[in-house]
There are 2 protein chains.
Amino acid sequence: MVNYKAELNAIFMALGHPARRAMLARLGKGEATVSDLAQPLDMSLPAVTKHLKVLERAKLISRSKNAQWRPCQLQEAPLNLASDWIEDQRKVWESRLDRLDNYLHTLHANSKKGAKK
Amino acid sequence: MVNYKAELNAIFMALGHPARRAMLARLGKGEATVSDLAQPLDMSLPAVTKHLKVLERAKLISRSKNAQWRPCQLQEAPLNLASDWIEDQRKVWESRLDRLDNYLHTLHANSKKGAKK
DNA sequence: TTTGTAATTAACCATATGGTTAAATTAAAC
DNA sequence: GTTTAATTTAACCATATGGTTAATTACAAA
């Protein structure tokens, strides 16, 4: 039921840094160059390059070539894997809560039967 | 529109390790002790204690006391924060795709008008 | 072919992660 | 009060992260 895919390690880890989430948020609005992505971030370009490698490793972005620019594109699939894992997780605890709810109702019903005796 | 909450750093980072995801999956089925959680994992108890601290820091679990046991409980809220971030993200790129779709339809309509001239 | 711009690589550094074993703590049970 | 079980802390180690500056590469434009 629950997803143990190894890709999730790289995906969740990549999402764990605010600069990388900011980059993904920017890329959600469309392709962007390295400098575009760096502009709102308070760090050097080499630092940005490193973050991009982390995002690439997780396949959260892909890259292309256009003259001296290396534009980045968002890839949705890994984000789907991540939210699927959370959804599977939610199903597990929701079914547990349902069983608990059921059990409490049974208890309540039995206590009323007991009172009538 | 997009969520920049600092808690997300700790949450996503915590989800980035398979042992921690396994622990959360186990806790989805109900409270468990440290040894319960350690049992299927190929690592020492101190290592498990450390992973539990990471999960606690992210508020993904809470803990209680029962004699010499320290049972752990899943906390759903942080998982909701995480999936909300992904959902917000999805909204951003879906609206972009909608605009692109719209644009392509307009282009197509205009090309037909052009052909008629 | 020189110059300018975009981006990456190299080298370095500090701190965090993820693991270990051995010792200490906590609390029940004998 | 001694023993036993569950868990944590301490000390240590290797590797990964996240940043820097300086040098290098890639490419267009003059």
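Given the structure is predicted, the values throughout are model-derived calculations rather than measurements. Throughout, protein chains are lettered first and strands after them, A, B, ... in sequence-line order, and every chain is numbered starting at 1.
For the pair A/Glu7 (side chain) and A/Pro78 (backbone), a donor-acceptor distance under 3.5 Å is absent. For the pair B/Arg26 (side chain) and B/Leu37 (backbone), a donor-acceptor distance under 3.5 Å is absent. The backbone N or O of A/Ala14 sits less than 3.5 Å from a side-chain atom of A/Arg20, completing a donor-acceptor pair. Within the 3.5 Å criterion, the main-chain N or O of A/Thr33 finds a donor-acceptor partner in the side chain of A/Asp36. In terms of modelled atom types and a separation under 3.5 Å, the side chain of A/Arg70 and the main chain of A/Ser64 share no donor-acceptor contact. The main-chain N or O of B/Cys72 is never found under 3.5 Å from a side-chain atom of B/Arg63 such that the two would form a donor-acceptor pair.
With rounding to whole Å, B/Leu45 atom CG is found 13 Å from C/dG19 atom P. The CZ-C1' distance, from B/Arg70 to C/dT25, rounds to 10 Å in whole Å. Look at CG on A/Asn9: it is 13 Å from C1' on C/dG18, rounded to the nearest Å. Rounded to an integer number of Å, the gap from A/Leu15 CG to D/dG18 C1' is 17 Å. The distance from atom CD of A/Gln68 to atom P of C/dT8 is 12 Å, rounded to the nearest whole Å.
Residue order along DNA chain D, read from the 5' end via each residue's closest nucleotide, puts B/Asp36 first among B/Asp36 and A/Lys50. Residue-to-nucleotide proximity on DNA chain D shows that, of A/Met13 and B/Lys53, the 5′-proximal contact is made by B/Lys53.
Of the listed nucleotides (C/dT17, D/dT9, D/dA28), D/dT9 has the atom at the smallest distance from the side chain of B/Thr49. Here the nucleotide nearest the side chain of B/Ser44, chosen from C/dT21, C/dA6, D/dT20, is C/dT21. In this structure, the nucleotide among D/dT9, C/dC12, C/dA6 sitting nearest to the side chain of B/Pro46 is D/dT9. When each of C/dT8, D/dT20, C/dA6 is scored by its nearest atom to the side-chain atoms of A/Trp69, the top-ranked nucleotide is C/dA6.
Residues B/Arg90 and B/Glu87 have side chains in contact (heavy-atom distance under 4.5 Å, counting atoms from C-beta outward). For the pair A/Lys5/A/Trp85, no side-chain contact is recorded, criterion being any heavy-atom separation below 4.5 Å from C-beta on.
Residues from residues 59-67 of chain B placing a heavy atom under 4.0 Å of any atom in DNA chain C, listed by number, are B/Lys65, B/Ala67.
End-to-end axis angle of the helix from C/dT1-D/dA30 to C/dC30-D/dG1, from C1' rotation axes over five pairs per end: 10° (rounded to 10 degrees).
Phosphate contact (OP1/OP2 of C/dT17, side-chain N/O of B/Arg20, threshold under 4.0 Å): absent. Of the side-chain N and O atoms in A/Ser35, none sit less than 4.0 angstrom from OP1 or OP2 of C/dA6. Between C/dG19 and B/His17, a contact under 4.0 Å exists linking OP1 or OP2 to a side-chain N or O. Not one side-chain nitrogen or oxygen of A/His51 sits closer than 4.0 Å to the OP1 or OP2 atom of D/dT17.
Clustering ILVMFWY residues whenever any of their side-chain heavy atoms sit less than 4.5 angstrom apart, transitively, puts A/Leu81 in the very cluster that holds B/Leu24.
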